[in-house]
Every structure is written in structure tokens, then in C-alpha cells.
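Counting starts at 1 for both ligands and their atoms, in listed order. Only this structure's heavy atoms are used, side chains among them; waters, hydrogens and symmetry mates stay out.
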Amino acid sequence: MVDQQPLDERDYDRARLRQWRAGLATDARLTRRDVARLAAGLSLGAGAAAFAGGRPPAASAAERPAAPEAQAGPILKPLPPELFTVFGTNAEMRWEAMTGAGHLVPVDRFFVRNHTRTPVVDAETWRLRLFGTGLRGSPTAEAPVEFGYADLRRLPAESVTAFLECAGNGRSFFGGQQGQSVSGTAWGLGAVGVARWRGVRLGTVLRRAGLTRAAVDVQPEGLDPDFVSGGVNLGPVRRPLPVVKALDDVLLAYEMNGRPLPPDHGFPVRLVVPSWIGIASVKWVGRIEVSASPLFSPWNTQFYRLFGPDYPAGGELIDRQVVKSAFELPWNASLPAGRTHVLRGRSWSGNGRIRHVEVSTDGGMTWQRACALGRGEAAGWQRWEFPWRPGAPGAYTVRARATDVTGATQPAQTSYNTLGYLFGAVVAHPVTVV
Ligand code: MTE
């Protein structure tokens, strides 16, 4: 057994930033020149160029699934326009698709965020390979501790209802509402979904693999193709987790909403890291490095950090999601005048349950409590409704503002960051009364 203090995320982030600045960030897959080019392309500053060094080799071709010849696009499931807005390799859920859809988001409308494309993995031959200096005997990437799909399914199973949300969800409102230009996929608010996940605790697998007290970071790696950005091959999608979080509530999930994981959502096995930004929940996981020294990847040094005038040089690491709300309405919805409409929506937070939600229909001048529907989960969402009888026909905006158990409330503005993460400000949703 490994005894761990509870995770203080701020301390963890500060320590990693110090280590990164000191040149401790290492990755065998990238040269210093690659990183300097990448940093220049992303305007990240000189700090990013500290990133180079020696890491285990990437998964061999034999471990990676081959691209099926007939694969039509980066996402395999149908993406009908009434359910999704497609952005390249990604697809955002339309919020109106949740009207009457129940508490969980059905797979047919759950958003997809792919850095490259959905791989087709055969569960029969799939192996989860664990290695690194944080495991007993320091197994190497070439001679790892292995688990098959059936091995995982034989271990004690647990379920959790949790949201999965991209760190960039709401990014388009930096431009649309705050007049700021940021880079990245221009998501509205639909890069989020709540599902019931079932699988085995990552902690169970780590302990069976020989986790030692020396372990500090755990890095899952996807079997999808390498991600190339600005002409630089960054290798497979991977991002380290502190071992304390890994042992807390993280699942190696093999079911979503009561069925085997669909290919686009990580079949056969993915991580589900409740309350954290979506990148932590690595899909199609093939390898996990468990290390006695800090791990770094482009996904915690160059991306998924807050860069900008309000943040330290080198940026600030992000993990936990902020409070957000959305209406189950089309953008620019048309509502008939002269009758009462029940506006419905959902609010969620990475800090825990939603305490209450307020709605404004007069441009944010006055706010009234929405009525909670059922009891939301700590890592899921709270549904709510609000009856509204609009006055004369015309253009309106409706706003929802949630407060979570920690007292955190959605602000009027989100601090600018160059990559457009964590947009938690109240969104002005346009509605036309006709
Ligand atoms: N894992 C792998 N291997 N490859 C990816 O591209 N995208 C991440 C995460 N895990 C990604 C991944 C991001 S940024 C998000 S938001 C979630 O998966 C999206 O999960 P979903 O596509 O099942 O909704």
C-alpha cells in the first residue's frame, strides 16, 4: 500500500513549474529545436524551450492499431447536423439536443474531441502495459507489467456518473463576448457531456502492477496516431497525473452508459478523471508510465496551461474545471410571444455539487433562482428549470449563473489566456421572441 497525503493541486502545480523552469522537463521524442519551433508557433515564450531530454521510446508499431483502409473520417459515429457542429477532427454537441434527453448524454450526441482520429482497437489483442521507476523492480517499456481486457474485467468494478469536458469548452466566447482573440477550436458550450462510466479503479491496477512509495507521477498514453503540431511530431497523446489523484477517484473505464465504450470514446479502455479537464481522461490507453521522478509532456507544458498577462511566465497548469451553465436551447432560439416557456438547463463544476442557479432574462440586471430538478452529482451536473413569459416580440438574451458548494460563482468575465481555456463567465444566450 502507498500512503499519500491529500493532493494540494496548487502546491503540485507550483512544484512542477519550478521543475520545468529548471530544465527538468524531459521527453525523448522532441529535440530542443522542435520545442523552440513549437513555442515560437504558439507564442508561448522562452520557458517552453526548456523541454527536451530522455524518455522511454514511443509504443512500437506492433502496439499501435493500423488505420483501417475504409475509415471515412476522424470520427466513426454518425454526426447528424441536428445533434452536432463539426470542427475538423472534433464534434460539439448542440445543446438543444438535450431537450427531453434525460440526465445522461446519450452516446449518439456525446461530443468528441480527437487530436487525430479514432483508432480501431481489437480488445482481444489489446494490452495495457505499465512500466517505470515508480513500480517495483522498475519494469521497462520493453518488458512491462501487462493486463489484458479480460484481466481488467475480472477486477472489482466501480461506476461513477461524471462529466467529461474539454478545457477549451466555451472558447468562442472569449471572442464573441470579450472581444479577445485566442487560438484553438472555437467551441460553444457543447464540448461537455455527463455519462455513467464503469470500470476498474486505476489505483487497483497500479497496486497490482507493483506501485511503490517512491512513485510521484502516472502518465497514460493513447493508441491513436501521433499528434503533429506546427510541423513537429509530438508523439502520442499523453499527460501526467499526480499519483495522489490517480489513487483517488480515477477509473480505467470500459463501459459508458451501460454499454462497452464506443470506439470514438476510447474503446476498449480509457481513463475517466472526474472533475478534471478532458485531456486528463486519455482514450484508447495502451501504456502507463509510473515514475519516481516528475513527468512532463507537451500536454502539460505547452498546452493546457494558462498563458497571458495575468499568469506567471511559463504559464499556469490547469487541472480542475470551473463552474459553468448552459440552456437546452438552440443558439438564437425563436420563442413565441404571449406565453410562458419553461427554460431548462444544466450547471456543473469541477469543485463539487451545484448549490444554486440564477437566471436573468433582462440583460443581467436582475436575477431569480431557477428550480433544481432532482439532485445533481458532485462530479456530474445539476438540471434546473425556469419559467419565463417574455413581453413584446424582439431580441432578448437569457443568462444562467451557477454557484457551487465551495461558493464559487460564475463571473461576468473570464481572465484572458492565449489558448482560450476555462471560459467560466456567464454566457449571454440570444433568443428572439416572435
Ligand atoms: N485521448 C487520446 N488518446 N487522444 C485524444 O485526442 N482527447 C482528450 C481526451 N483524451 C484525446 C484523449 C480531450 S482534449 C478530451 S476533451 C477528451 O478526451 C474527449 O473525450 P471524448 O471524445 O470521449 O468526448
So if I count the atoms of ligand 1 from 1 in the order they appear, which ones are less than 4.0 Å from some heavy atom of [X]?
X: F110; result: 24 (O)
X: G222; result: 3 (N)
X: D224; result: 2 (C), 3 (N), 4 (N), 5 (C), 6 (O)
X: R270; result: 17 (C), 18 (O), 20 (O), 21 (P), 23 (O)
X: C166; result: 16 (S)

task: Indicate the ring-plane relationship of W381 and H103, choosing parallel, tilted or perpendicular according to the 30° and 60° boundaries.
output: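 W381 and H103: perpendicular rings.
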query: Do the rings of F423 and F173 sit parallel, tilted or perpendicular, given the 30° and 60° boundaries?
result: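 The rings of F423 and F173 sit tilted, inter-plane angle from 30° to 60°.
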query: With a 6.0 Å cut-off on ring centres, are W384 and F327 close enough?
result: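 Yes, close enough.
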task: Could you tell me whether the side chains of D217 and S291 share a donor-acceptor contact shorter than 3.5 Å?
output: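 No, no side-chain donor-acceptor pair sits under 3.5 Å.
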message: Within the 3.5 Å criterion, strictly below it, is a donor on T212 or R136 matched to an acceptor on the partner's side chain?
response: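 Looking only at side-chain atoms, R136 and T212 do not form any donor-acceptor pair under 3.5 Å.
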message: Starting from atom 24 (O) of ligand 1, what is the nearest protein heavy atom, named by residue and atom, and what distance separates them?
response: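 Answer for atom 24 (O) of ligand 1: F111 O, 2.7 Å.
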field: Nearest-contact summary for atom 17 (C) of ligand 1 - protein heavy atom, Å
entry: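 The closest heavy atom on the protein side is G278 O, 3.6 Å.
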message: My understanding is that we take every heavy atom of each candidate and find the minimum distance to atom 12 (C) of ligand 1. Doing that for E165, R113, K283, which one comes out nearest?
response: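 It is K283 whose heavy atom sits nearest to atom 12 (C) of ligand 1.
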query: Do you know which two heavy atoms are closest between F111 and E165, and how far apart they sit?
result: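 Here F111 and E165 meet closest at CZ-CA, 4.2 Å.
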- request: Evaluate the salt bridge (Lys or Arg N to Asp or Glu O under 4.0 Å) criterion for residues R153 and E255: first the C-alpha distance (whole Å), next the side-chain angles of each, then the deciding distance (0.1 Å), finally the verdict.
  value: CA-CA 10 Å; R153 296 209 65 133; E255 280 182 19; 2.8 Å; yes
Taking 4.0 Å as the limit for heavy-atom contacts, which would you say applies to [X] with ligand 1: side chain only, backbone only, both, or neither?
X: F303; value: neither
X: N114; value: backbone
X: L164; value: side chain
X: S281; value: backbone
X: W284; value: side chain

message: Contact between ligand 1 and Y304 is defined here as a heavy atom of the residue under 4.0 Å from a ligand atom; is it met?
response: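 The answer is yes: ligand 1 sits under 4.0 Å from a heavy atom of Y304.
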- prompt: So, does E221 sit close enough to ligand 1 that a heavy atom of it is under 4.0 Å from the ligand?
  reply: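 No.
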- prompt: Under a 4.5 Å cut-off applied to non-hydrogen side-chain atoms, are L373 and R344 in contact?
  reply: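 Of all side-chain heavy-atom pairs linking R344 with L373, at least one is under 4.5 Å.
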query: Do the non-hydrogen side-chain atoms of L329 and V431 ever get within less than 4.5 Å of each other?
result: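 They are in side-chain contact.
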field: ligand 1 N/O within reach of I279 N/O, cut-off under 3.5 Å
entry: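 In this structure, I279 places no N or O atom under 3.5 Å from an N or O of ligand 1.
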- request: Flag H115 as yes when one of its N or O atoms lies below 3.5 Å from any N or O atom of ligand 1, and as no otherwise.
  value: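 Yes; at least one N/O pair falls below 3.5 Å.
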query: Once you round to the nearest 0.5 Å, how far does CG of L234 lie from CZ of F303?
result: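 It is 5.0 Å, given to the nearest 0.5 Å.
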field: Side-chain ion pair, E82 and R94, N-O less than 4.0 Å
entry: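 No, E82 and R94 are not salt-bridged.
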